[in-house]
Amino acid sequence: MMMAYYTVDNVLKGKASVGEQITVRGWVRTRRDSKAGISFLTVYDGSCFAALQGVVPNTLTNYDTQILQLTSGCSVEMTGTLVASTGQGQSYEVQVTDVKVIGWVEDPETYPMAPKRHSMEYLREYAHLRPRTNIIGAIARVRHAAAQAIHRFFDEQGFLWVSTPIITSNDCEGAGEMFRVSTLDLMNLPKDHQGNIDFSKDFFGKETFLTVSGQLNGEAYCSALSKIYTFGPTFRAENSNTARHLAEFWMIEPEMAFADLMDVAKLAESLLKYVFADILARRSDDMAFFAEWVDKTCISRLEHILNSSFEMMTYTEAVKQLQACKQTFEYPVEWGMDLQTEHERYLTEQLLKRPVIITDYPARIKAFYMRMNEDNQTVAAMDVLVPGVGEIIGGSQREERLQQLDQRMRDSGLDPAHYGWYRDLRRYGSVPHGGFGLGFERLINYLSGAANIREVIPFPRTPKHAEY
RNA sequence: UCCUCGGUAGCUCAGUCGGUAGAGCAAGUGGCUGUUAACCACUGGGUCACAGGUUCGAGUCCUGUCCGGGGAGCCA
């Protein structure tokens, strides 16, 4: 007989017909025995949130020897006839005629993924087994769907995906500490005449690091192809121990030519809305799970956002609002100071209760490449803040005027001579342009309601943690 | 890195005034059952994070180290 393999998702979506002989392969979620002479075996394969229920009669030859020994986590190949289910909770089930055990769980008592609720902290210690749980599986599917949606959005909008380098010699970007890339022998470092490490002997002949941002390279391609974006890994060697920082994370950085800050803000809003709508439509099963077990509001708040526009507010206006409100803050609010987390939270979570775009920050607290405004005090920068996660996007219109750029570099303590190729972009056919960085994991955090960013990347890298 | 709270069974936790250990879940066995967060009964399961100290006696008090949670800074 021809064996027809199906994923659980395809079976539940009706791609197999009732009465058909089908085979699914996956892992046992639960086994429940009935004295009616049957066992219920639910099998998942990750293709969707739901598991497929098999009804296993005790007449199978391996019923006593194998079926009754199956525990959560065992891998099986289950064959039988697809039927409409008479029980509640599923539309289809399989009248099983054969179960092949592929792999046993050697000791069910100490199998780390017991069929019960585990804490997120516990699951994190088993990063190689946690994708077998409902919640991490759901996050993995949502993460995949969000990445696909982002690529689709940009493609539809005429943006080209540019792969900017992961190893870079761009230093002092002001975006944080960098991881060094080197092949030098740490036990026997080459030294120059002054006794400094001689990096001319290193692999690239100079100091190199893992990228903290693809933006500067992105600007080069934007200055020729008009609309580009990067989507790749990013590395920050900050000693950050929070629920929203990783040492290795993924970032999306669009860059648009002939664009001002308002164009950039509009792009950010339409990108986020596109992804929200897409996830609600395509991963409704996983979102329903999040809404029931993780964050009751995670669906309703996305729907609400889709029906309203983002709030926009200048930094100066935000400072006024914070000073006028009755809330008492640990840190005082004063024009010229960076907004503290408590301030950002108040604005997005209490005052507005939805995403807000803060624009036009004081030049002193922002990076050198952001474009100076007419007032000569603020720059055309923007941060998108969302409830629960905080800053999900940071972006700006870039300084396209060479003189102003050089001045901003010197004011930031940087030597323009070290930025030759970046300055060239302003010397040859410079155009107004801008873009932003979207933290991919922060986006998944917002979508799923997961409280910690370490749950939304498969193998999180944080200070002192690079296992697996 | 700073502040703060914690580390006790496979997991989540309780443990009073310092007197050698408890529950729920999970697991095992049996019962019941077209079940689906199953239910009922019984059983097994402990280097109380680690090292030192105080004490007749430490899960409990003190010191140090390691690890984890929450908050902050850095930012996406």
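Convention: sequence-line order gives letters A, B, ...; per-chain numbering from 1.
The partner of B:rG68 is B:rC5, by the rule that a Watson-Crick or G-U pair needs both atom distances under 3.5 Å. The partner of B:rG73 cannot be assigned: no Watson-Crick or G-U wobble pair with both contacts below 3.5 Å exists in any strand. Under the Watson-Crick or G-U wobble criterion, with both distances below 3.5 Å, B:rA51 is paired with B:rU63. Nucleotide B:rC25 forms a pair with B:rG10, judged by Watson-Crick or G-U wobble geometry with both contacts under 3.5 Å.
In this model, the phosphate group of B:rG73 is approached by a side-chain N or O of A:Gln340 to a distance below 4.0 Å at OP1 or OP2. Applying the 4.0 Å criterion to OP1 and OP2 of B:rG73, one finds that A:Thr341 has a side-chain N or O inside that range. Look at A:Ser119 and you'll find a side-chain N or O under 4.0 angstrom from OP1 or OP2 of B:rU12. A close approach under 4.0 Å does not occur between any side-chain nitrogen or oxygen of A:Thr234 and OP1 or OP2 of B:rA76.
For the pair A:Arg301 and A:Tyr446, the cation-pi criterion (under 6.0 Å, within 45° of the ring axis) is fulfilled.
Counting atom types as modelled, A:Gln95 pairs a side-chain N or O with a base atom of B:rG34 as donor and acceptor under 3.5 Å. Counting atom types as modelled, A:Ser240 pairs no side-chain N or O with a base atom of B:rC75 as donor and acceptor under 3.5 Å. If you check distances only, the side chain of A:His245 does reach the base of B:rC75 with a donor-acceptor pair under 3.5 Å. Put simply, the side chain of A:Arg32 and the base of B:rC39 share no donor and acceptor less than 3.5 Å apart. Contact of A:Gln90 with B:rU35 (side chain to base): a donor-acceptor pair of N or O atoms is detected under 3.5 Å. Side-chain atoms of A:Arg244 and base atoms of B:rA76 include no donor and acceptor less than 3.5 Å apart.
With ring centers used as reference points, A:Phe459 lies 6.0 Å or more from A:His128.
Taking 4.0 Å as the cut-off between side-chain N and carboxylate O, A:Asp383 and A:Lys366 count as a salt-bridged pair.
Across all strands, A:Ile252 comes closer than 4.0 Å to no nucleic acid atom at all (heavy-atom distances). Contact annotation for A:Phe40: base contact, defined as any heavy-atom pair under 4.0 Å involving a base atom. Base contact: A:Glu93 has a heavy atom under 4.0 Å from a base atom. Base contact: A:Asp33 has a heavy atom under 4.0 Å from a base atom.
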Practice prompt. Evaluate side chain to side chain donor-acceptor pair (under 3.5 Å) for A:Thr164 paired with A:Thr230, printing each intermediate quantity in order.
Written response: CA-CA 7 Å; A:Thr164 50; A:Thr230 74; 4.6 Å; no

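The separation of B:rU35 from B:rU29, taken at their P atoms, amounts to 23 Å, rounded to a whole angstrom.
Atom OH in A:Tyr126 sits roughly 10 Å away from atom P in B:rG10 (whole-Å rounding). Rounded to whole Å, the distance from OH on A:Tyr92 to P on B:rU35 is 22 Å.
When side chains are defined from C-beta on, A:Val56 counts as touching A:Leu60, because their heavy atoms get closer than 4.5 Å.
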